[in-house]
Amino acid sequence: MGEKQQFDVWQEEIMPALHCKLEEFHDLGYRHVQLQDLWECLITSERKKKSYVPFYAFVDACLSMRPQDYMTWVTMKSYQEPADWQQAWAEVTGQQAEARAGSLAEEAYK
């Protein structure tokens, strides 16, 4: 890997291909996919390659990305991110309980 990859420099140039891929994913029913997610998925997979990736191969990788590739990336990303599920659950249920108590208090004053 003698040459340094230029993925960040190529981001603006590959945007038309990413938009095309995003529309394809949306047409296939993956409406939750966002442009930034596709970009991160693409560069994550391309950075794993040992040899220099020319621009045409980078565009080809973008246009040949499958929904399965994206979903695998999302799954792996979710396993890698530390998550405190108990804290998140307490925040969600605590906020819901506070909102419910607030609405009950408002109804009592009416």
Side-chain angles (χ1 to χ4, degrees):
M1 195 164 145
E3 297 180 59
K4 185 177 178 180
Q5 294 292 353
Q6 302 186 28
F7 298 135
D8 295 328
V9 174
W10 293 340
Q11 185 175 9
E12 186 176 324
E13 295 167 356
I14 201 168
M15 275 301 143
L18 274 174
H19 281 287
C20 180
K21 186 52 71 172
L22 181 65
E23 288 177 16
E24 178 185 333
F25 275 41
H26 286 180
D27 289 344
L28 292 172
Y30 294 90
R31 300 206 183 282
H32 64 280
V33 178
Q34 297 177 355
L35 195 62
Q36 186 62 31
D37 294 334
L38 283 179
W39 171 252
E40 289 178 24
C41 177
L42 178 64
I43 61 171
T44 299
S45 66
E46 293 301 302
R47 282 191 175 141
K48 291 179 183 177
K49 296 184 178 177
K50 300 291 182 198
S51 60
Y52 179 77
V53 179
F55 183 69
Y56 70 87
F58 189 56
V59 173
D60 181 56
C62 174
L63 293 176
S64 62
M65 189 184 323
R66 301 171 306 163
Q68 295 87 343
D69 301 331
Y70 172 77
M71 294 306 292
T72 300
W73 174 77
V74 168
T75 303
M76 295 305 294
K77 184 178 172 185
S78 71
Y79 288 143
Q80 293 170 354
E81 292 179 354
D84 187 1
W85 293 105
Q86 292 177 343
Q87 179 65 28
W89 178 254
E91 289 176 4
V92 169
T93 56
Q95 290 174 355
Q96 289 176 351
E98 292 172 7
R100 211 177 10 230
S103 65
L104 290 175
E106 289 177 10
E107 289 177 18
Y109 287 116
K110 289 183 181 179

So Asp69 and Arg66, do their side chains get closer than 4.5 Å, heavy atoms only?
yes
For atom CD of Gln36, decide whether the heavy atoms of other residues, nucleotides or ligands shown that lie under 6.0 angstrom number more than 12.
yes
Calculate, to the nearest 0.5 Å, the distance between atoms CE and CG belonging to Met65 and Leu22 respectively.
10.5 Å
Partners meeting side chain to side chain donor-acceptor pair (under 3.5 Å) with Glu13 (sequence neighbours left out)
none
Determine the minimum heavy-atom distance between Cys62 and Leu18, stating which atoms define it.
SG-CD2, 3.7 Å
What do the steps show when you test Met15 against Leu35 for side-chain contact (heavy atoms from CB on, under 4.5 Å), and what is the final call?
CA-CA 9 Å; Met15 275 301 143; Leu35 195 62; 3.7 Å; yes
side-chain contact (heavy atoms from CB on, under 4.5 Å), that's the test. Do Ile14 and Trp39 meet it? Break it down for me.
CA-CA 9 Å; Ile14 201 168; Trp39 171 252; 3.7 Å; yes
What pairs with Glu40 under salt bridge (charged side-chain N to carboxylate O under 4.0 Å, His left out), at least two apart in sequence or on another chain?
Lys77
Residues in salt bridge (charged side-chain N to carboxylate O under 4.0 Å, His left out) contact with Asp60, at least two apart in sequence or another chain
none
Checking the side chain of Lys21 only, and the main-chain atoms of Leu38 only, is there a donor and an acceptor separated by less than 3.5 Å?
no
side-chain contact (heavy atoms from CB on, under 4.5 Å) partners of Tyr30, counting only residues at least two apart:
Phe25, Leu28, His32, Val33, Pro67, Met71
Residue pairs fulfilling salt bridge (charged side-chain N to carboxylate O under 4.0 Å, His left out) with at least one residue in residues 27-38, sequence neighbours excluded
none
Aromatic plane relationship, Phe58 with Trp10 - under 30° parallel, 30 to 60° tilted, over 60° perpendicular:
tilted
Results of side-chain contact (heavy atoms from CB on, under 4.5 Å) for Thr44 - residues two or more places apart only
Lys48, Trp73
